[in-house]
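Bear in mind the structure is a predicted one, so any value in this text is a computation, not a measurement. Every chain is numbered from 1 and lettered A, B, ... according to where its sequence line falls, protein lines coming before strand lines.
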2 protein chains.
Amino acid sequence: MEKFKNKDLEELRALIEERDHEKLSTFIGLFQPIDFAEMVSELDDTETAGLCALLEEDELASLMEQAGDKERIRIAKTLNDERLLSAMEYMQKDDIVDMLGDFPIGRRKQVIRLMKNSDRQIITNLLQYPEDSAGGLMTTDYIALREDFTVYDGLVKIREISPKTEMIETIYVINSARQLIGCIDLRKLLTAKRDTVIGTIMEDQVISVLPETDQEEAAHLVSRYDLNAIPVVSSSKQILGIITVDDVIDVIVEEYDEDMLQMAGVNAEENLESTWKESLRMRLPWLIVNLATAFLASFTVSLFQDTISKVVALSAVMTIISGMGGNAGTQTMSILVRALSQQDISWKDALRPLGKELVVGILNGAACGVVTSVVVYFMYHNIFLSLIVIMAMIGNLIVSAFFGFLVPVVLKKLHADPAVASSIFVTTATDVLGFFIFLGLASLFLPYIAAA
Amino acid sequence: MEKFKNKDLEELRALIEERDHEKLSTFIGLFQPIDFAEMVSELDDTETAGLCALLEEDELASLMEQAGDKERIRIAKTLNDERLLSAMEYMQKDDIVDMLGDFPIGRRKQVIRLMKNSDRQIITNLLQYPEDSAGGLMTTDYIALREDFTVYDGLVKIREISPKTEMIETIYVINSARQLIGCIDLRKLLTAKRDTVIGTIMEDQVISVLPETDQEEAAHLVSRYDLNAIPVVSSSKQILGIITVDDVIDVIVEEYDEDMLQMAGVNAEENLESTWKESLRMRLPWLIVNLATAFLASFTVSLFQDTISKVVALSAVMTIISGMGGNAGTQTMSILVRALSQQDISWKDALRPLGKELVVGILNGAACGVVTSVVVYFMYHNIFLSLIVIMAMIGNLIVSAFFGFLVPVVLKKLHADPAVASSIFVTTATDVLGFFIFLGLASLFLPYIAAA
């Protein structure tokens with residue numbers, strides 16, 4: 001999808017040249033903020049500096065909120081500290097923290113030093129949480145009302161602070177110690193009698209997370225319970241911030257992209273725009289690790305060279321057995337990786353379906369084995385070879401079920417990410433044991449297959 | 001994460017036995033609706049029927065909204081039409097449509113016939129859209145205000161209808177022909193002067209989709225523009241409904257799960273709970289398709305049996321070359337599949353990074369080739385075999401870059417899903433050509449490697 005056209009970009013360049021703020025503002029109004037930010041990313045540094053000098057502070061803030069991580073730093077470089085600070089007045093706290101986290105340390109410290117006292121404290125607090133924790137993701141711009149407020153007081157307060165908040169649909173309720181004790185839907189506030197005390201009509205069950213909770217877990221809760229946001233509370237239940245649903249979507253997309261690419265041995269940071277150097281650096285290590293497992297498989301084959309030299313057809317047939325083991329192993333492994341990414345699982349629950357997987361492995365092995373043996377028979381007219389094919393296929397698909405199942409479970413239990421490392425172990429198992437079973441059987445029955 | 005404990009389930013069973021509605025309601029209040037729904041899914045049909053008889057209609061509606069597809073049908077079976085219809089009064093229209101869509105056709109028709117006229121029309125309209133289109137996902141419970149309303153009129157209307165709507169944060173603005181012409185943030189309404197005309201303060205740019213738009217596209221827009229909901233409009237711009245962000249999250253999760261599993265040859269409907277019969281039915285077809293490609297690879301090897309019989313070490317080394325081609329091809333392919341899932345891409349844009357991929361293929365091939373050749377030299381003390389290994393590895397990693405790149409692009413251009421079919425073609429190419437290049441080179445230089 002093209003969100004803007006080349007002629008839009010040309011017009012933007014002309015408007016920057018012209019230095020007419022009025023016209024520029026009208027032009028910006030024609031685009032969604034993120035589309036405009038993408039257009040700006042096409043400008044060079046001089047053009048960007050020219051643009052930023054022309055923008056109002058709120059326009060600048062919106063541009064920086066929408067820009068990607070790298071792009072934001074580029075824009076910030078064109079601004080002096082004073083102008084950056086005034087733009088930050090219009091930005092959400094979580095976006096400011098994201099931005100400062102990416103700054104060179106010197107500038108970060110300087111900007112924080114220049115902040116208003118109250119802001120400095122909030123930002124310094126937020127900066128201490130890891131980027132992928134609930135604390136790192138939360139914003140402090142939320143609405144919390146005291147339980148002893150009346151609905152009327154509440155609505156007045158909401159009217160006052162809502163323009164600065166990210167989410168208005170759910171209002172949080174706190175006690176005098178700022179502990180989160182409930183929440184209330186704005187709809188309910190709007191329709192309730194004005195003198196009702198909020199504490200009497202709130203929901204007293206609120207799902208919340210701790211600041212150190214993993215962002216994936218927070219996202220999972222928002223998605224499971226269809227929330228608009230999830231509050232982050234300290235261990236003593238004081239509300240620290242909220243994570244809004246738009247950030248949750250970003251987390252979900254990011255985590256899935258990671259899982260999907262990592263299963264294929266690709267770094268989640270790589271994309272079509274990566275340079276060849278970046279791609280090489282990110283892909284080669286995985287290939288080298290795989291190479292080690294390929295040697296293992298190759299070594300297994302070399303153990304049976306005597307047998308192969310007597311029945312050279314084995315070299316062609318063995319690739320079918322090991323390949324099918326790999327395919328079946330990948331199927332099992334993917335289902336496990338998906339299941340494990342969504343929840344922690346007890347050993348008992350995890351191992352329960354193993355029996356089923358083994359049954360499926362045997363049956364898939366029998367089906368594929370029979371088909372393969374028929375084809376092999378027509379190629380080599382050797383009934384014993386065909387029988388060995390069936391046995392080896394069943395054997396290797398049992399191996400693939402076993403390892404495709406257990407490897408992700410064990411990795412998860414060892415607190416490793418099953419998406420990253422599973423395939424290397426599963427492939428090694430299905431290759432090495434696939435060759436071993438087939439060539440081993442062939443060696444055992446060599447007199448029959450060599451004679452036939 | 002266990003959301004409820006066995007003793008909760010036992011208590012629920014006891015409460016159903018007791019037939020005390022009061023106590024049951026208190027008990028239900030202790031759980032989040034979806035957690036309660038999961039608990040109910042553990043009950044047998046008789047217990048479920050007993051429970052449903054005790055529930056208030058709104059409790060029943062909430063249970064059915066939260067239950068999974070199959071579970072919802074099971075609950076509906078325990079209800080007579082009259083009771084089902086009264087529960088539906090409390091349900092969102094999109095959930096009703098989802099449910100009716102899964103009903104046996106006879107019951108669906110009967111329930112629709114018994115509906116109020118106005119509801120019947122809405123539901124019948126919604127039912128006509130495919131399940132995975134924007135129309136199939138939208139709800140008709142949204143707030144739209146006329147542009148000539150004052151803020152005061154608007155707030156009165158919102159207070160009146162908001163309890164029935166799914167989203168209140170963004171209010172849509174329509175003209176007298178019910179065409180969507182703008183939207184306004186509830187915060188802005190709350191803080192505006194009471195006699196302001198809404199049309200004068202609304203945003204006149206609204207991102208919307210057509211009912212036939214693919215749900216993935218709608219989800220992408222909500223995520224890109226950080227929306228709370230996206231309106232669905234007819235071709236003549238009349239507002240038909242909205243898609244809310246919680247449904248968008250479900251779509252994103254569903255589509256990712258599909259892509260991830262389909263790349264591994266697994267049906268997205270399979271999970272750990274599938275029976276062995278279901279698993280077999282869903283996995284065997286993919287294995288059989290792969291078997292066909294395995295035969296192709298095996299056939300390629302069999303063409304070179306004379307060569308292998310002279311240098312049997314080739315049979316061990318060839319598995320390394322083909323295996324590494326498969327790994328590198330999967331890397332390239334995964335990056336393409338991810339990039340293509342997020343956007344349409346022009347031939348020109350799609351083909352631009354191909355050159356880079358080929359460079360990365362050559363360099364990865366050279367690196368892996370050198371490592372392999374050294375190991376092979378120490379195993380077989382044959383310098384010519386080592387040289388062939390380097391050439392074949394580079395050749396096969398070029399093949400893997402080429403096919404890993406082009407297969408997903410071509411499938412996308414043919415409007416096939418790259419996630420589903422890419423791996424089969426890429427594997428075939430890297431296996432068949434990997435064996436062919438290596439064994440072909442070995443045949444060419446046979447006198448050297450056989451003599452050494």
Next item on the list: Go through the atoms of Glu255(B) and report whether side chain, backbone, both or neither lie under 4.5 Å from a heavy atom of chain A.
Entry: neither

Check: With Ser302(B), which residues qualify under side-chain contact (heavy atoms from CB on, under 4.5 Å), at least two apart?
Finding: Ala316(A), Met379(A), Tyr380(A), Phe299(B), Gln305(B)

Checklist line | Region of Glu166(A) that comes under 4.5 Å of a non-hydrogen atom in chain B | finding: backbone

Notebook entry, point to check: Donor-acceptor pair, Lys356(A) side chain versus Lys277(B) backbone, under 3.5 Å?
Noted result: no

Check: Is it the backbone or the side chain of Met282(A) that comes under 4.5 Å from a heavy atom of chain B, or both, or neither?
Finding: neither

Next item on the list: Could you tell me which portion of Leu287(B) (side chain, backbone, both or neither) has an atom closer than 4.5 angstrom to a non-hydrogen atom of chain A?
Entry: both

Next item on the list: Against chain A, label Thr332(B) side chain, backbone, both or neither, depending on which of its atoms sit under 4.5 Å from a heavy atom there.
Entry: both

Checklist line | Part of Phe435(A) lying under 4.5 Å from any heavy atom of chain B | finding: side chain

Margin query: Counting heavy-atom pairs under 4.5 Å with chain B, which one of Thr191(A), Asp226(A), Leu291(A), Asp204(A) comes out on top?
Written below: Leu291(A)

Item checked: Atom group of Leu363(B) that falls short of 4.5 Å from chain A, counting heavy atoms -> both

Notebook entry, point to check: Using non-hydrogen atoms only, which part of Val359(B) is less than 4.5 Å away from chain A: side chain, backbone, both, or neither?
Noted result: side chain

Item checked: Interface moiety of Ser322(B) toward chain A, non-hydrogen atoms closer than 4.5 Å -> neither

Going by atom type alone, with no hydrogens or angles, which donor-acceptor pairs under 3.5 Å involve a side-chain atom of residues 259-266 of chain A and a protein atom two or more places apart or on another chain?
none

Next item on the list: For each of Thr165(A), Ile288(A), Asp185(A), Leu303(A), tally heavy-atom pairs with chain B at distances under 4.5 Å, and name the one with the top tally.
Entry: Thr165(A)

Next item on the list: For chain B, find which of Thr330(A), Ile335(A), Thr300(A), Thr319(A) contributes the most heavy-atom pairs closer than 4.5 angstrom.
Entry: Ile335(A)

Note to self: More than 12 heavy atoms of other residues, nucleotides or ligands under 6.0 Å from CD of Glu203(A): yes or no?
What the structure shows: no

Note to self: Under a 4.0 Å threshold between the charged nitrogen and the carboxylate oxygen, would Arg283(B) count as salt-bridged to Glu357(A)?
What the structure shows: yes

